[in-house]
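Okay, so here's the structure we're looking at.
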Protein chains: 2
Amino acid sequence: MKTYSIGQAAKVLNLTPYALRYYDKEGLMPFLERNASGTRFFKESDIASLKIVDCLKSTGMPIKEIKTFIDWCSEGDSTLQQRHNMFQERKAVVEAHMAALVETMKVIEHKCAYYEEALEAGTEAVHKDNWAAQPR
Amino acid sequence: MKTYSIGQAAKVLNLTPYALRYYDKEGLMPFLERNASGTRFFKESDIASLKIVDCLKSTGMPIKEIKTFIDWCSEGDSTLQQRHNMFQERKAVVEAHMAALVETMKVIEHKCAYYEEALEAGTEAVHKDNWAAQPR
DNA sequence: GCTCGACTTCGAGTTAACTCTAGCATGGGA
DNA sequence: TCCCATGCTAGAGTTAACTCGAAGTCGAGC
């Protein structure tokens, strides 16, 4: 079975070896093994697990909470409900985040249009009179 | 014309007075006025400007770059092109962010389904055999 | 045998964006 | 008149998530 050094794993996951050691120190990789001389080696299952970590991170979850999840994974079937709840909550968080981004996008597109008109006119002054009439 | 104290502005913008003073110190509010005794008062135009700041922040733009934009605003029509470019870039950033969130969401939903099945079976072991066959 | 690159640990340093503390000023209500 | 909330400044403290430096080990290739 293929394994990865910390440098290779970092490359695959688009992280630095520093970050991976930090995650290890924070307890995000309890199943990570080492060879006789103490060097970490990452199995495919470790890479997969780190991809989940990355997924949770991208929902804005802090490392400490991710660790809680990892601990639940180690505890086995008795924590299935907590883990399910956690993913449900993450789903809600991502949905909220996406909704917020849609609103952000509306403002940005409005500003793009605003500056396109201003550029055409050569001056921002074109908007001064009818600002109140601008659609938000 | 209605104005707001720093506390009122903070409430309206869902920020703290600390944060608003910090933004002021960082130069994000060059048009902000004060009364005779040095107390800031926020006009509607300041509130609107801070909403744009908030919008840019929510695209992940750091304060220093937002300041650059604010400075361009102060410089007038000669920076229209830069400002337009900036919003175009922000649009691309938000689009990328949304696309990433869609991917994140797929993983999360997959995990929700995974844990629903596991809960039904009472054990995570139901997935052990056909993990490789799981759709990602 | 030597060198080189990649690995190790430990602990210190970095960065952004606040957040708070201390000490003081001000203005309105009882 | 006194009190209290709220404002001010300067500067220190906080937090997360790395990021790095120092000093040392290890295995491969020449």
Residue closer to the 5' end of DNA chain D, Lys25(A) versus Ser37(A) (nearest nucleotide)
Lys25(A)
5' priority, DNA chain C, between Tyr18(B) and Lys64(B) [closest heavy atom]
Lys64(B)
d(CZ, Arg34(B); C1', dT6(D)) in whole Å:
14 Å
Ranking dC20(D), dT9(D), dG11(D) by distance to the side chain of Arg21(B), first place goes to dT9(D)
Assess the residue pair Glu124(B) and Tyr115(B) against the criterion (side chain to side chain contact (heavy atoms under 4.5 Å, CB included)); give the C-alpha distance rounded to whole Å, side-chain angles, the decisive distance to 0.1 Å, and a yes or no.
CA-CA 8 Å; Glu124(B) 218 174 339; Tyr115(B) 282 112; 4.2 Å; yes
Go through DNA chain C in 5' to 3' direction and return only the first and the last nucleotide with some atom under 4.0 Å of chain A's heavy atoms.
dC7(C) to dT9(C)
Classify the ring geometry of His127(B) against Tyr114(B): parallel below 30°, tilted from 30° to 60°, perpendicular beyond 60°.
parallel
Residue pair Met98(A) / Val102(A), side-chain heavy-atom distance below 4.5 Å
no
Mind calculating the distance between CD (Glu33(B)) and P (dG7(D)) to the nearest angstrom?
18 Å
Nearest whole angstrom, please: distance from the C1' of dC8(D) to the CZ of Phe42(B).
13 Å
Roughly how many Å is it from CG in Leu13(A) to P in dC18(D), rounded to a whole number?
12 Å
Closest to the 5' end of DNA chain D, once Ser5(B) and Tyr23(A) are matched to their nearest nucleotides, is Ser5(B)
What is the distance, rounded to the nearest whole Å, between atom OH of Tyr22(B) and atom P of dG13(D)?
18 Å
Does a side chain donor of either Asn85(B) or Glu89(B) reach within less than 3.5 Å of an acceptor in the other side chain?
no
Rounded distance (Å) that lies between atom C1' of dT9(D) and atom CG of Leu32(B)
15 Å
Lys67(B) and Tyr23(B) side chains, donor-acceptor separation under 3.5 Å
no
Flag the pair Glu33(B) and Lys43(B) as a salt bridge only when some basic side-chain nitrogen lies within less than 4.0 angstrom of an acidic carboxylate oxygen.
yes
Return the set of residues passing side chain to side chain contact (heavy atoms under 4.5 Å, CB included) with Asn35(A) (not counting sequence neighbours), or none when no residue passes.
Ser37(A), Thr39(A), Phe41(A)
Between dT25(D) (P) and Asn35(A) (CG): distance, integer Å
16 Å
